[in-house]
Asker: 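Handing you a structure now.
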Amino acid sequence: MLTIATANVNGVRAAVRRGMGPWLTGRAPDLLALQEVRAPDDALVEALGEGWHVVHEEAAAKGRAGVAVAGRRPFEAVRVGLAPAGVDASAYDHSGRWVEADVALDAASSGAGLLTVVSTYVHTGEAGTPRQVEKLAFLDAVLARMTELAADGRHVVVMGDLNVAHREADLKNWKGNLKKSGFLPEERAWFDRLLGELGWVDVVRAAAGEGPGPYTWWSWRGQAFDTDAGWRIDYQIASAGLAARAVKAEVDRAHTYAARWSDHAPVVVEYDVHAR
């Protein structure tokens, strides 16, 4: 099995101080996508410990964003930044929101020789403001790049904090958020197209059924965690061939508020493919 995990760490150094290390040791993923790293390369490598190969895009704005993919074996190729054909890539230079890593697979067992792993962190947005315009433009660029990646039949998994809850089952207080960024009609329509017309698969929703939840983010404030008033905004979105090989999908929600090492919970999926 190939175990792939994604987590918005809300600052990797803070996550390690709060207890990320034991989770990482216990889960022992083969591939790990991180968002909101908020640290330079050397600090990220130190936080993860020995034995990882890492591709990381640090955001130009210090203490903001930052995405990474880490693997136990060397990558075949890596690409930093979001630059689909026909899109002005300069808009996303050094934004710390998109990295790709190619992993060689056992073609005899997987049906495809290459797996592309993506870590992405989508903007939070704010309805009716330029921040929302920027978010929607980024989502359009993501869609274009995902289409490019899937074109040659490789396995692809795009992971991260997408900052969009797709359906009512994906957030506790959906009625109160109908006009707020993260649950706007145009954002949900983006997901409809991705999972419908374009054939990508939300692996956790496919495994978990209709819901509600499982949620992946709860505010640090108030009683949101204790009452499970959360949002499901962290995803593993897989190409159809890879999604068909998912055998287990879980959200690692902490047992207690005090045990949390981020305001997000990791999303972990086991796939029946073999990295060589």
Side-chain angles (χ1 to χ4, degrees), residues 4 6-9 12 31-41 44 54-71 75-103 114-126 130-152 154-164 166 181-182 184 186-187 189-191 193-195 197-202 233-239 242 264 267:
I4 304 180
T6 181
N8 180 322
V9 294
V12 70
L31 293 161
L32 174 66
L34 300 176
Q35 303 86 45
E36 286 203 86
V37 172
R38 300 182 187 172
D41 289 347
L44 171 58
V54 180
V55 55
H56 171 219
E57 185 187 35
E58 182 183 355
K62 300 299 181 184
R64 300 283 300 277
V67 290
V69 175
F75 300 127
E76 298 294 300
V78 299
R79 293 168 295 277
V80 175
L82 180 61
V87 173
D88 180 6
S90 65
Y92 310 116
D93 285 348
H94 310 296
S95 65
R97 295 188 180 276
W98 186 274
V99 292
E100 303 175 10
D102 293 340
V103 179
L114 199 65
L115 165 64
T116 294
V117 180
V118 177
S119 179
T120 187
Y121 174 50
V122 175
H123 310 63
T124 53
E126 185 178 350
R131 291 179 61 191
Q132 188 65 24
V133 174
E134 184 180 13
K135 179 180 183 179
L136 294 175
F138 185 80
L139 286 171
D140 285 344
V142 166
L143 208 64
R145 181 59 184 152
M146 290 177 71
T147 300
E148 289 177 346
L149 286 171
D152 65 0
R154 73 179 68 191
H155 290 316
V156 185
V157 58
V158 176
M159 298 183 287
D161 176 1
L162 301 188
N163 265 311
V164 177
H166 179 208
S181 183
L184 294 173
E186 55 268 37
E187 295 171 328
W190 179 89
F191 250 115
R193 185 181 178 202
L194 180 70
L195 304 180
E197 174 188 341
L198 300 181
W200 292 80
V201 179
D202 177 350
I233 54 176
D234 302 87
Y235 296 87
Q236 292 201 27
I237 306 294
S239 52
L242 180 63
H264 295 253
V267 177

Asker: How close do Asp41 and Glu58 get, counting heavy atoms only, and between which atoms?
Answerer: N-OE1, 4.3 Å
Asker: Distance check, rounded to the nearest 0.5 Å: Leu194 atom CG versus Met146 atom CE?
Answerer: 4.5 Å
Asker: Does the side chain to side chain contact (heavy atoms under 4.5 Å, CB included) test come out yes or no for Met159 and Val117, once each step is laid out?
Answerer: CA-CA 8 Å; Met159 298 183 287; Val117 180; 3.3 Å; yes
Asker: When you look at Arg38 and Val9, which way does the side chain to side chain contact (heavy atoms under 4.5 Å, CB included) test go after all the steps?
Answerer: CA-CA 9 Å; Arg38 300 182 187 172; Val9 294; over 6 Å; no
Asker: Quick one: CG on Leu198 to CZ on Phe191, what's the gap to the nearest 0.5 Å?
Answerer: 12.5 Å
Asker: Please check: side-chain N/O of Glu57 versus main-chain N/O of Val67, any donor-acceptor pairing under 3.5 Å?
Answerer: no
Asker: Measure up the His123 and Phe138 rings against each other and bin them: parallel (under 30°), tilted (30 to 60°), perpendicular (over 60°).
Answerer: perpendicular
Asker: Are Val142 and Leu82 packed together at the side-chain level, in the sense that at least one heavy-atom pair is separated by less than 4.5 angstrom?
Answerer: yes
Asker: Checking the side chain of Asn163 only, and the main-chain atoms of Val122 only, is there a donor and an acceptor separated by less than 3.5 Å?
Answerer: yes
Asker: Minimum heavy-atom separation for Leu31 and Gly71, please, with both atom names.
Answerer: CD2-CA, 3.9 Å
Asker: Can Asp102 and Arg154 be said to form a side chain to side chain contact (heavy atoms under 4.5 Å, CB included), step by step?
Answerer: CA-CA 10 Å; Asp102 293 340; Arg154 73 179 68 191; 3.5 Å; yes
Asker: Drop me the distance from Thr116's OG1 to Phe75's CZ, to the nearest 0.5 angstrom.
Answerer: 11.0 Å
Asker: Looking at side-chain heavy atoms only, is the closest gap between Glu100 and Leu149 below 4.5 Å?
Answerer: yes
Asker: Can you name the salt bridge (charged side-chain N to carboxylate O under 4.0 Å, His left out) partners of Glu126, sequence neighbours left out?
Answerer: Arg131
Asker: Could you go through Lys135 and Val164, starting from their C-alpha distance and side-chain angles, then the distance that decides it, and tell me whether this counts as side chain to side chain contact (heavy atoms under 4.5 Å, CB included)?
Answerer: CA-CA 10 Å; Lys135 179 180 183 179; Val164 177; 4.0 Å; yes
Asker: Going by atom types alone, do Gln132 and Ser181 pair a side-chain donor with an acceptor below 3.5 Å?
Answerer: yes
Asker: Just by distance, do the side chain of Thr120 and the backbone of Arg97 share a donor-acceptor pair under 3.5 Å?
Answerer: yes
Asker: With the side chain counted from C-beta on, respond yes when Ile233 and Leu162 share a heavy-atom pair under 4.5 Å apart, and no when they do not.
Answerer: no
Asker: Using side-chain heavy atoms (C-beta onward) and a distance below 4.5 Å, is Leu114 in contact with Asp152?
Answerer: no
Asker: In Å and rounded to the nearest 0.5 Å, what is the CG to CH2 distance from Leu143 to Trp200?
Answerer: 9.5 Å
Asker: State whether the side chain of Thr6 and the backbone N or O of Val267 hold a donor-acceptor pair below 3.5 Å, judged by distance alone.
Answerer: no
Asker: What distance separates Leu136 CG from Glu186 CD, expressed to the nearest 0.5 Å?
Answerer: 5.5 Å
Asker: Can you find a heavy atom in the side chain of Leu184 that is under 4.5 Å from one in the side chain of Trp190?
Answerer: no
Asker: When rounded to the nearest 0.5 angstrom, what is the spacing between OG in Ser119 and CG in Asn8?
Answerer: 9.0 Å
Asker: Looking at every heavy atom in both Pro84 and Ala141, which two are closest together, and how far apart are they?
Answerer: CG-O, 3.5 Å
